[in-house]
Amino acid sequence: MERNKRKTETPAQYRENLKEKIVKVAMREFKSKGVRNVKMDDIATALSISKRTLYEVYPNKEELLLEGIRLDEENRVALMKDYVAQNNPTVMDVILKFYHTQMEAFSQINPVFFSDLHKYERVRNYIQELRVVRQQNTLAFFKRGVEDGFFREDVDYAIISQMGSATMEYVMDEQMYKQYDLKYIFRNIVLVFLRGFCTPKGLSVIDEKLNE
């Protein structure tokens with residue numbers, strides 16, 4: 001079946017499909033075992049392709065990991081945009097959707113994966129670029145929350161945004177996931193931050209829906 005399929009594909013189509021398969025399998029392995037614990041040989045074997053073929057598509061592990069991180073981010077953004085477009089949600093709905101999405105992701109990822117990311121310079125640089133973009137988007141989001149009466153007016157959300165990023169960095173740098181479940185850590189961070197800047201109106205939504 002696979003052989004017949006290849007006969008109907010152009011070389012460009014075959015290469016593009018192969019790239020997608022490689023990234024999918026690689027990220028599955030990286031997330032379950034940690035990046036450092038997965039060799040390019042392991043990925044080639046899982047895909048039943050030669051190591052040479054793998055290196056022709058992705059010259060090294062960092063390039064492959066970077067592509068996987070980029071695709072994950074694109075998928076995450078697309079998921080949230082689709083949710084917003086279809087549901088016309090409030091700010092609190094969006095926060096809770098993001099919370100539950102992250103909790104699901106954490107349940108499927110070995111925490112070592114996150115700590116390994118910082119060992120690759122290009123990946124670190126990309127994550128830093130993402131952080132800047134996210135902080136800009138977050139400030140606009142917080143502004144809307146204030147206007148809608150869910151968030152307090154007397155809070156500096158630029159500080160809150162930076163503190164949120166710094167807190168998760170600390171969790172990974174200190175490898176707190178070895179002592180506590182990553183979902184448990186994330187839940188506690190979210191609870192503290194949310195309850196700190198929400199108005200009574202926002203708190204009522206949290207108390208009603210966070211445990212759904």
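Counting only heavy atoms from C-beta outward, the side chains of M27 and L65 approach each other to under 4.5 Å.
In summary, the side chains of D93 and T90 do present a donor paired with an acceptor at a separation below 3.5 Å, with no hydrogens or angles considered. The closest side-chain donor-acceptor pair between Y177 and S115 falls under 3.5 angstrom. A side-chain donor from one of D82 and Q86 sits under 3.5 Å from a side-chain acceptor of the other.
Atom NZ of K24 has 12 or fewer heavy atoms from other residues, nucleotides or ligands within 6.0 Å. Taking a 6.0 Å sphere around NZ of K119, one finds it holds more than 12 heavy atoms contributed by other residues, nucleotides or ligands. Residue Y55 qualifies as enclosed at atom OH: its count of foreign heavy atoms under 6.0 Å is above 12. Around CD of E153, the count of heavy atoms belonging to other residues, nucleotides or ligands within 6.0 Å does not exceed 12. Remark: Y180 OH is loosely packed, at most 12 non-hydrogen atoms of other residues, nucleotides or ligands lying under 6.0 Å away.
Checked for salt-bridge contact, D154 and R152 meet the test: a charged N lies under 4.0 Å from a carboxylate O. The pair D116-K61 fails the salt-bridge criterion, with no side-chain N (NZ, NE, NH1 or NH2) lying under 4.0 Å from an Asp/Glu carboxylate O. A salt bridge is absent between R70 and E74; no separation between the charged side-chain nitrogens and carboxylate oxygens falls under 4.0 Å.
There is a path of hydrophobic side-chain contacts, each under 4.5 Å, that joins F114 to L130.
Interatomic distance, OG1 of T138 versus CD of Q136, reported as 9.5 Å (0.5 Å rounding). Here CE of M168 is found 8.0 Å from CD of Q102. Values are rounded to the nearest 0.5 Å. From F30, atom CZ reaches atom CZ of F113 across 8.0 Å, with rounding to the nearest 0.5 Å.
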Subject >> Trace of the side chain to side chain contact (heavy atoms under 4.5 Å, CB included) decision for T53 with L18 >> reply: CA-CA 10 Å; T53 298; L18 181 59; 3.8 Å; yes
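S32 and N110 get closest at one heavy-atom pair: O-ND2, 3.3 Å.
Ring-plane geometry between F151 and Y157 is classed as tilted, the angle between the planes lying from 30 to 60 degrees on a 0 to 90 degree scale.
Looking at residues two or more places apart in sequence or on another chain, you find a side-chain hydrogen bond (donor to acceptor under 3.5 Å, both in side chains) between D148 and R144.
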